[in-house]
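Okay, structure first, notes after.
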There are 2 protein chains.
Amino acid sequence: MRSRTREKSEPGTRGELRAVDGLAQLSFLIHGTLERRAAEHDVSMTQTRLLGVLRDRTPTINELAKLLALDKSSTSGLVARAERRGLVARIPSTTDRRSVEVALTDAGRSLVAQVSASFEADVSKLLDRLRRSDRDALTSLVSRLLAAHATAHGVDLFATTDTQAPQRR
Amino acid sequence: MRSRTREKSEPGTRGELRAVDGLAQLSFLIHGTLERRAAEHDVSMTQTRLLGVLRDRTPTINELAKLLALDKSSTSGLVARAERRGLVARIPSTTDRRSVEVALTDAGRSLVAQVSASFEADVSKLLDRLRRSDRDALTSLVSRLLAAHATAHGVDLFATTDTQAPQRR
DNA sequence: TATTGTTATACTCTATAACTATA
DNA sequence: TATAGTTATAGAGTATAACAATA
């Protein structure tokens, strides 16, 4: 993260950050933006991730645990707290009486939509600091980078839900 | 974050992510990379941030709290846990007997260096998936984006310590 | 009186282990 | 027996409020 030595890539303009540092800073900036927007609605990143995942799914606790890369007990508690706040609902499965399905409530859907919208606005505003052509170039490069990474890891890039941080534990 | 509607910027290649989605995904990817590397050494992002900040500073608890954007009580506990693990040391201030200075121990310095190195290697490896020219272009664009953002917010971009997420609270 | 740091308390988030109910 | 989910327990991380020591 630190280190002023420039081994690889010594790009053009002076005062430029090393590639790694620049990407790291940008990541923290964007991550922090989402965190701040979520906090405005009194939800943590974890809760936001939960709500984000539920936007297009109604998973069981077990499935949810896999999606969020959490233990089922952690997931159970996470859902319990969200339920207490009226953001999600537990729906008993009709096929397996051991299972429950977790679904967004209207309040939960509304909340995640608001957080989403303000976060996207923030990132758009950030991008607007670049000229249109640079913006397009950046988008293209980032897309290719992600695509290359996904291919190399056998991940389905376009299936990934966005709010969901690629965590493991 | 979701939404397939493409208002702004409809860049070149098909199957390309929206600008916002791409940046968000990349951010989570990089954030997760650091988290995973830190976890390999049994330290959380918070502890990593603490150690990162201390690499080139010996702040008081109060200063540390400002640097990490945490309450002083949270900082006190954070330092206490790190101290218990032998990663940092509390040094009584000679000028103000109420104050303590927090410094990395050798173990702490070694740990943060290792996490740093493996994280940088990860990001470098990610970047190596692009052609040299694309890599340089990306670096340049990211640098300019961060510079523009920093200027617009009166932040000292090049003074920022890298591991340190730009959080507020 | 004001400031520095710690402590008490409370809540979220996480994991492991033990348990219940169902399959 | 195996699986789905919850609960008990423990610890990190966070904040607010109250406190002790020093300025």
Side-chain angles (χ1 to χ4, degrees), chain A residues 32 35-36 38-53 58-103 164-165 167-169, chain B residues 32 35-36 38-53 58-103 164-165 167-169:
Chain A
E35 200 171 33
R36 180 170 52 255
E40 288 177 356
H41 295 264
D42 279 297
V43 281
S44 65
M45 278 298 258
T46 299
Q47 291 285 338
T48 305
R49 229 151 69 79
L50 168 64
L51 302 182
V53 162
T58 304
T60 65
I61 295 283
N62 245 323
E63 290 164 351
L64 204 43
K66 284 183 190 89
L67 287 166
L68 299 173
L70 294 174
D71 188 83
K72 59 181 181 171
S73 69
S74 307
T75 307
S76 187
L78 190 63
V79 167
R81 289 187 295 275
E83 192 177 32
R84 217 179 300 142
R85 288 188 52 178
L87 301 175
V88 308
R90 266 192 185 79
I91 304 168
S93 165
T94 48
T95 52
D96 185 337
R97 272 158 49 205
R98 295 171 300 178
S99 283
V100 292
E101 287 181 358
V102 184
Q164 178 188 355
Q167 296 198 124
R168 82 280 353 118
R169 179 157 286 107
Chain B
E35 199 170 33
R36 180 170 53 252
E40 288 178 357
H41 295 262
D42 278 299
V43 281
S44 65
M45 278 298 259
T46 298
Q47 291 284 339
T48 304
R49 230 153 67 80
L50 168 64
L51 302 182
V53 162
T58 305
T60 65
I61 295 284
N62 244 324
E63 291 164 351
L64 204 43
K66 282 182 190 92
L67 287 166
L68 299 172
L70 294 174
D71 189 84
K72 58 181 179 169
S73 69
S74 308
T75 308
S76 188
L78 190 62
V79 168
R81 288 188 294 275
E83 193 178 30
R84 216 179 300 141
R85 287 188 53 177
L87 301 175
V88 308
R90 267 192 185 79
I91 303 168
S93 165
T94 49
T95 53
D96 185 337
R97 274 157 49 206
R98 294 171 301 181
S99 283
V100 291
E101 287 181 357
V102 184
Q164 177 188 356
Q167 295 198 123
R168 80 289 342 129
R169 180 157 289 106

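Quick caveat, the model's predicted, so the values are computed rather than measured. Here is how names work: the chains are called A, B, and so on, in the same order as the sequence lines, proteins then strands, and each is numbered from 1.
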How many Å lie between [atom1] on [X] and [atom2] on [N], as a whole number?
X        : N      : atom1 : atom2 : answer
A:Leu64  : D:dA4  : CG    : C1'   : 13 Å
A:Leu51  : C:dT12 : CG    : P     : 15 Å
A:Asp42  : D:dT14 : CG    : P     : 17 Å
B:Asn62  : C:dT6  : CG    : P     : 10 Å
A:Glu35  : C:dT12 : CD    : C1'   : 13 Å
B:Arg49  : D:dT14 : CZ    : C1'   : 12 Å
A:Glu101 : D:dA4  : CD    : P     : 14 Å

> Rounded to the nearest 0.5 Å, how far apart are CZ of A:Arg36 and CD of A:Glu40?
Replying inline: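 Nearest 0.5 Å value for the CZ-CD distance: 7.5 Å.
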Which residues pass the side-chain contact (heavy atoms from CB on, under 4.5 Å) test with [X], sequence neighbours left out?
X       : answer
A:Arg85 : A:Asp42, A:Val43, A:Leu87
A:Ser74 : A:Leu70, A:Asp71
B:Ala39 : none
A:Ser99 : A:Thr60, A:Ser93, A:Asp96

>> One pair to check against side chain to side chain contact (heavy atoms under 4.5 Å, CB included): A:Ile91 and A:Val102. What are the steps and the verdict?
In response: CA-CA 6 Å; A:Ile91 304 168; A:Val102 184; over 6 Å; no
> When we call it a touch if two heavy atoms are under 4.0 Å apart, what does B:Ser93 touch: a base, just sugar-phosphate, or nothing?
Replying inline: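 Since no nucleic acid heavy atom lies under 4.0 Å of B:Ser93, the category is nothing.
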Below 3.5 Å is the cut-off: list the nitrogen or oxygen pairs between protein and nucleotides 21-23 of chain D, distance only.
residue	atom	partner	partner atom	Å
D:dT22	O2	B:Arg98	NH1	3.4
D:dA23	OP1	B:Arg97	N	2.9

If you compare all heavy atoms of [X] against all heavy atoms of [Y], which two are closest, and at what distance to 0.1 Å?
X       : Y        : value
B:Lys72 : B:Ile61  : O-CG2, 4.0 Å
B:Thr58 : B:Glu101 : CG2-OE1, 3.6 Å
A:Val88 : A:Val79  : CG2-O, 3.8 Å

>> For DNA chain D, which residues of residues 71-78 of chain A approach it to below 4.0 angstrom with any heavy atom?
In response: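 Close to the strand are A:Lys72, A:Ser73, A:Ser76.
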> Near DNA chain D, which residues from residues 79-91 of chain A have a heavy atom under 4.0 Å away?
Replying inline: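 Nucleic-acid contacts, sorted: A:Arg90.
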> Under 4.0 Å between a side-chain N or O of B:Thr46 and OP1 or OP2 of D:dT14?
Replying inline: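 B:Thr46 to D:dT14 OP1/OP2: side-chain N or O found under 4.0 Å.
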> Under 4.0 Å between a side-chain N or O of B:Ser99 and OP1 or OP2 of C:dT3?
Replying inline: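 No, B:Ser99 has no side-chain N/O under 4.0 Å of OP1/OP2 on C:dT3.
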>> Going by side chain to side chain donor-acceptor pair (under 3.5 Å), name the residues that satisfy it together with B:Glu63, two or more places apart in sequence or in a different chain.
In response: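 With neighbours one apart ignored, the set is empty.
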>> Between A:Thr48 and A:Ser44 (side chain of the first, backbone of the second, donor and acceptor by atom type, cut-off under 3.5 Å), is there such a pair?
In response: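 Yes, the answer is positive, given that a donor and an acceptor are paired below the 3.5 Å cut-off.
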> If you fit an axis to the five pairs at each end of the helix from C:dT1-D:dA23 to C:dA23-D:dT1, how big is the angle between those two axes, to 10 degrees?
Replying inline: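 End-to-end axis angle for the helix from C:dT1-D:dA23 to C:dA23-D:dT1: 20°, rounded to 10°.
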> Would you say the side chain of B:Thr46 lies within less than 4.5 Å of the side chain of B:Leu78, judging by non-hydrogen atoms?
Replying inline: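 Yes, at least one pair of side-chain atoms sits under 4.5 Å.
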>> In the structure I gave you, are the side-chain heavy atoms of A:Leu50 and A:Leu64 within less than 4.5 Å of one another anywhere?
In response: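 Heavy-atom side-chain distance check passes, below 4.5 Å.
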> So which one's nearest nucleotide on DNA chain C is more toward 5', A:Gln47 or B:Thr60?
Replying inline: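 By nearest-heavy-atom nucleotide position, the 5'-most residue is B:Thr60.
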>> Going by salt bridge (charged side-chain N to carboxylate O under 4.0 Å, His left out), name the residues that satisfy it together with B:Arg90, two or more places apart in sequence or in a different chain.
In response: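 Partners of B:Arg90 by the salt bridge (charged side-chain N to carboxylate O under 4.0 Å, His left out) criterion, ordered by chain and then number, come out as B:Glu83.
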